[in-house]
Amino acid sequence: MRKKRHFLYYAMTLAFGLATIFIIHSCSTDEYYSDELQIEENGIPRKSALSSNIINNTNSLIDSIAISDEFWEFERNSRLLADKFQAYTSTLSEEEHDKLMENLNDDDYMEEFIRKANLEKELQQMNEAKENLLLHTGFSRLSEDERISLFRQYAESHESTGKTLIKTRTEGGDANSCEAKRQAAYAQAKADYDNAIIKCKQESSTNNYCYTQALANYERCKRASDRAYEECIGK
């Protein structure tokens, strides 16, 4: 009987010890995975969401926005809209183009222009992409300078054609240097265009006209960059 009691006591002690070890190990494991998850969120920001630690650091905030789905969708629609606009304006005569530039503040004229250029779909998609960027990322926390910096970084990595242009006249400047200046001007124009799109009032009934003004200014800046390039190479 005494042996049975000793055996029962030993078994209970062993079971309690094993349970204690299991609980400790389980807590340690949970803590480990919790730490791993935190490291993943802090070290590699998720593409579609911001962690509380990320948004407490300005540089990390910019990085997290730059890799977000909403930012890339904004940029995709920004480029589609600009391409569609410039594809249409390239078919205009010099006189027609000048008339467009003179009537950017004429709502009736711009409404007809948008219809002729068939920009309604792209303008709506641009509006939705901007709304998603503002609502679902920390973009609205950025200052004016930080927004420009973000847009400029994106533009610099996507505007360059990667082509080496050859001088058309021997007395001209260095073509590579001239092209580098043009691409830098293109990137700045794109950044200013994106920022102008963001600054258009979301609730305004004339939002589309604000967008077309930003588009027209973007095109004007690119044309000025092209003229400066031609002068640089001595064409």
Side-chain angles (χ1 to χ4, degrees), residues 45-51 53-86 89 101 104-105 119 122-162 177-204 206-229 232:
R46 291 181 179 179
K47 194 164 187 175
S48 303
L50 303 176
S51 73
N53 289 331
I54 285 176
I55 64 176
N56 287 329
N57 182 287
T58 301
N59 292 331
S60 295
L61 174 59
I62 292 176
D63 291 343
S64 66
I65 294 170
I67 63 172
S68 69
D69 293 332
E70 290 82 5
F71 180 74
W72 283 87
E73 190 65 13
F74 174 89
E75 286 292 350
R76 185 181 74 86
N77 283 282
S78 166
R79 186 171 297 277
L80 286 174
L81 178 58
D83 289 347
K84 186 78 172 286
F85 179 87
Q86 292 172 22
T89 57
M101 296 300 162
L104 291 173
N105 294 317
L119 292 172
E122 285 75 17
L123 287 167
Q124 178 62 30
Q125 290 174 335
M126 183 75 262
N127 207 46
E128 292 173 357
K130 182 179 81 168
E131 183 176 9
N132 286 332
L133 178 65
L134 295 175
L135 288 177
H136 302 302
T137 72
F139 188 89
S140 59
R141 293 169 59 94
L142 300 179
S143 67
E144 176 89 2
D145 290 342
E146 289 168 341
R147 291 201 306 264
I148 290 290
S149 176
L150 173 59
F151 288 137
R152 179 65 188 256
Q153 288 175 34
Y154 177 89
E156 286 176 346
S157 65
H158 289 79
E159 284 293 323
S160 178
T161 62
S177 175
C178 295
E179 176 63 11
K181 292 178 181 178
R182 178 164 71 166
Q183 293 301 330
Y186 274 10
Q188 187 61 54
K190 178 63 165 60
D192 290 339
Y193 157 62
D194 284 340
N195 195 48
I197 290 290
I198 284 292
K199 293 170 74 174
C200 288
K201 293 182 179 179
Q202 192 78 12
E203 70 279 3
S204 174
T206 59
N207 205 32
N208 285 348
Y209 308 142
C210 181
Y211 287 172
T212 51
Q213 288 174 355
L215 286 161
N217 191 56
Y218 178 36
E219 182 177 284
R220 185 187 296 115
C221 290
K222 290 187 73 173
R223 289 191 175 197
S225 301
D226 291 338
R227 288 194 297 270
Y229 170 78
C232 181

Nearest 0.5 Å, what's the OH-OG distance between Tyr229 and Ser177? 10.5 Å
Please name all residues satisfying side-chain hydrogen bond (donor to acceptor under 3.5 Å, both in side chains) with Asn105, sequence neighbours left out, ordered by chain then number. Gln213
To the nearest 0.5 Å, what is the distance between NE2 (His136) and CG (Asp69)? 11.5 Å
Only counting residues at least two apart or in another chain, list the ones meeting side chain to side chain contact (heavy atoms under 4.5 Å, CB included) with Ser143. Asp145, Glu146
Within the 3.5 Å criterion, strictly below it, is a donor on Glu144 or Asn195 matched to an acceptor on the partner's side chain? yes
Dump the intermediate steps for side-chain contact (heavy atoms from CB on, under 4.5 Å) on Ile148 and Asp192, then the final yes or no. CA-CA 7 Å; Ile148 290 290; Asp192 290 339; 3.9 Å; yes
Pair Glu131, Asn127: side-chain N/O donor-acceptor within cut-off below 3.5 Å: no
Those residues at least two apart in sequence (or on a different chain) that pass salt bridge (charged side-chain N to carboxylate O under 4.0 Å, His left out) with Arg220 are none
Atom CD in Gln188, atom NZ in Lys222: separation rounded to 0.5 Å? 14.0 Å
Using salt bridge (charged side-chain N to carboxylate O under 4.0 Å, His left out) as the criterion, list what pairs up with Asp226, not counting sequence neighbours. Arg182
To the closest 0.5 Å, what do you measure between CG (Asp194) and CZ (Phe151)? 5.0 Å
Please report the interatomic distance CG(Leu104) to OH(Tyr209), rounded to the nearest 0.5 Å. 12.5 Å
Considering non-hydrogen atoms only, spot the tightest contact between Ala155 and Ala187 and give its length. CB-O, 3.5 Å
Please step through side-chain contact (heavy atoms from CB on, under 4.5 Å) for the pair Ile65 and Leu142, ending with a clear verdict. CA-CA 10 Å; Ile65 294 170; Leu142 300 179; 3.8 Å; yes
Is it true that the side chains of Gln153 and Ser157 contain a donor and an acceptor less than 3.5 Å apart? no
Is the shortest side-chain heavy-atom distance between Asn132 and Glu73 below 4.5 Å? no
Residues in side-chain hydrogen bond (donor to acceptor under 3.5 Å, both in side chains) with Glu75, at least two apart? Lys190
For Asn217 and Tyr193, run side-chain contact (heavy atoms from CB on, under 4.5 Å): C-alpha distance rounded to whole Å, both residues' side-chain angles, the deciding distance at 0.1 Å, then the answer. CA-CA 7 Å; Asn217 191 56; Tyr193 157 62; over 6 Å; no
Using every non-hydrogen atom in the two residues, find where Ser140 and Leu134 come nearest and quote the distance to one decimal. OG-O, 4.4 Å
State whether Phe74 and Lys130 meet the cation-pi test: NZ (Lys) or CZ (Arg) under 6.0 Å from the six-membered ring centroid, and within 45° of the perpendicular axis. no
Taking Cys200's backbone N and O only, do any of them form a donor-acceptor pair with Tyr211's side chain (distance below 3.5 Å, no angle check)? no
Is there side-chain contact between Leu150 and Phe71, with heavy atoms separated by less than 4.5 Å? yes
List for me each residue that meets side chain to side chain contact (heavy atoms under 4.5 Å, CB included) alongside Glu122, sequence neighbours excluded, and say none if there are none. Leu81, Lys84
To the nearest 0.5 Å, what is the distance between OG on Ser225 and CD on Gln183? 9.5 Å
Note, Met101 side chain near Glu219 side chain (heavy atom, < 4.5 Å): yes
Shortest non-hydrogen contact between Asn77 and Ala129, atoms and distance: ND2-CB, 3.7 Å
